[in-house]
Amino acid sequence: MFAFFNKNDPADKTDVQLDPQRVPAHVAIIMDGNGRWAKARHLPRIAGHKEGMNTVKKITVAASDLGVKVLTLYAFSTENWKRPSDEVNYLMQLPVNFFDTFVPDLIKNNVRVAVMGYTDKLPAATQKAVHDAIEDTKDCDGMVLNFALNYGSRAEMVTGVQKIARAVAEGQLQPADITEKTVDQALMTAPLAPYNDPDLLIRTSGEERISNFLLWQIAYSELVFTDVKWPDFTAATLQACIADFQSRDRRFGGLTDKK
Ligand code: FPP
């Protein structure tokens with residue numbers, strides 16, 4: 001049983017009180033620890049991903065209920081292709097299963113699906129599932145559920161720089177006119193405006209690194225690392241992470257009037 005114990009589980013703190021006025025608009029999550037969750041139960045790694053998918057369903061509803069505007073989930077990175085092909089195949093099938101079973105609930109919760117990443121490199125069935133889910137939820141105007149699928153932040157920046165360079169080469173843009181906004185607009189988070197940047201970035205499973213996720217966009221994000229593995233992450237864990245966020249003093253490089 002000990003292997004199932006999560007130290008530093010923010011949800012262990014009872015009586016979490018959230019300020020509904022200060023719920024982070026954009027929450028991004030690096031969903032880590034599926035494999036270790038499965039291993040601790042003597043299950044194959046893919047069992048962890050399956051449970052992780054169920055966690056995605058629960059956390060989508062929980063975040064939407066809390067008033068989060070954008071929930072970005074790192075589902076597959078440009079580096080995840082290095083995994084054994086059985087695992088990659090399973091991960092590619094997950095969005096198909098997810099949307100097959102969950103689109104009606106997304107619509108019921110007024111959640112719109114978005115995706116960012118090099119989706120043209122995904123298997124055709126995965127692309128179709130994503131495309132159909134985007135289409136089926138396009139009229140929902142509540143929370144945006146934004147999946148990062150075959151996403152990598154450095155690749156995103158290279159693509160963005162190429163886009164800007166092309167505009168300069170074609171004479172549509174002067175180098176001196178390139179601003180932070182130009183870069184924002186060239187990145188894959190542009191369609192999320194005005195919520196391009198996460199207010200809160202959560203990484204589960206005890207790893208404390210960013211792993212090529214939203215490197216530009218997290219310049220002023222609050223980072224919360226929890227030992228809870230993604231399949232064990234609950235609505236209570238999310239609330240506790242948001243409580244941690246609300247306890248922080250966000251200064252964006254300036255000063256507050258706190259002495
Ligand atoms: C990291 O855990 C997790 C992933 C690479 C995949 C994340 C995918 C999901 C949680 C399911 C996504 C669901 C949908 C609907 C797309 P890991 O395998 O690296 O865990 P480990 O570090 O313990 O091995």
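Model, not experiment: these values are computed from the prediction.
Rounding to the nearest 0.5 angstrom, the gap separating the CZ atom in F233 from the OG atom in S205 is 11.5 Å. Here the CD1-CG distance, from I29 to L200, works out to 8.0 Å after rounding to the nearest 0.5 Å. Of the inter-residue distances, the one linking L106 atom CG with T137 atom OG1 reads 6.5 Å to the nearest 0.5 angstrom. How far CG of D244 is from CD of Q239: 13.5 Å, rounded to the nearest 0.5 Å. Interatomic distance, I59 CD1 to N54 CG, rounded to the nearest 0.5 Å: 11.5 Å. The structure places OG of S153 at 10.0 Å from CD1 of I210, a figure rounded to the nearest 0.5 Å.
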Should I46 and D86 be marked as a side-chain contact (heavy atoms from CB on, under 4.5 Å) after you check the CA-CA gap, both sets of side-chain angles, and the distance that decides it? CA-CA 9 Å; I46 58 171; D86 281 1; over 6 Å; no
The test is side-chain contact (heavy atoms from CB on, under 4.5 Å); show your working for F225 and T204 and say whether it passes. CA-CA 6 Å; F225 299 103; T204 61; over 6 Å; no
Verify side-chain hydrogen bond (donor to acceptor under 3.5 Å, both in side chains) between Q185 and E180, making sure each step is shown before the conclusion. CA-CA 9 Å; Q185 288 173 340; E180 291 193 6; over 6 Å; no
Run R251 and D249 through salt bridge (Lys or Arg N to Asp or Glu O under 4.0 Å) and show every step you take. CA-CA 6 Å; R251 293 189 298 278; D249 179 20; 3.0 Å; yes
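Judged by a 6.0 Å distance limit and a 45° cone about the ring axis, R83 is not positioned over the six-membered ring of W81.
Defined by atom type and a distance below 3.5 Å, a donor-acceptor pair is present between the side-chain atoms of N97 and Q93. With no hydrogens or angles considered, no side-chain donor-acceptor pair links D32 and W230 at under 3.5 Å. Side-chain N/O atoms of T78 and R154 include no donor and acceptor closer than 3.5 Å. If you check the side chains of Q17 and Q246, you find no donor sitting under 3.5 Å from an acceptor. Donor-acceptor pairing under 3.5 Å is lacking for the side chains of T119 and Q127.
Taking 4.5 Å as the limit, some side-chain heavy atom of I242 sits within range of a side-chain heavy atom of P24. In this structure, L201 and I30 have side chains that are in contact, with non-hydrogen atoms separated by less than 4.5 Å. For the pair T182 and D177, the minimum side-chain heavy-atom distance is 4.5 Å or more. At a threshold of 4.5 Å between non-hydrogen side-chain atoms, the residues R112 and D141 do not count as touching.
Using a distance-only test at 3.5 Å, with no hydrogens or angles considered, no donor-acceptor pair links the side chain of T189 to the main chain of L192.
The environment of E170 atom CD is dense: over 12 non-hydrogen atoms of other residues, nucleotides or ligands sit within 6.0 angstrom. Applying the 6.0 Å contact sphere to NZ of K57 captures more than 12 heavy atoms from other residues, nucleotides or ligands.
Aromatic rings from F147 and F98 are positioned such that their centres are separated by under 6.0 Å.
Classification of the F213-Y74 ring pair by plane angle, with boundaries at 30° and 60°, yields parallel.
Put simply, the residue from T72, D199, D197 that forms a side-chain hydrogen bond (donor to acceptor under 3.5 Å, both in side chains) with H26 is T72.
Cluster membership for V113 and M92, using ILVMFWY side-chain heavy atoms within less than 4.5 angstrom, is shared.
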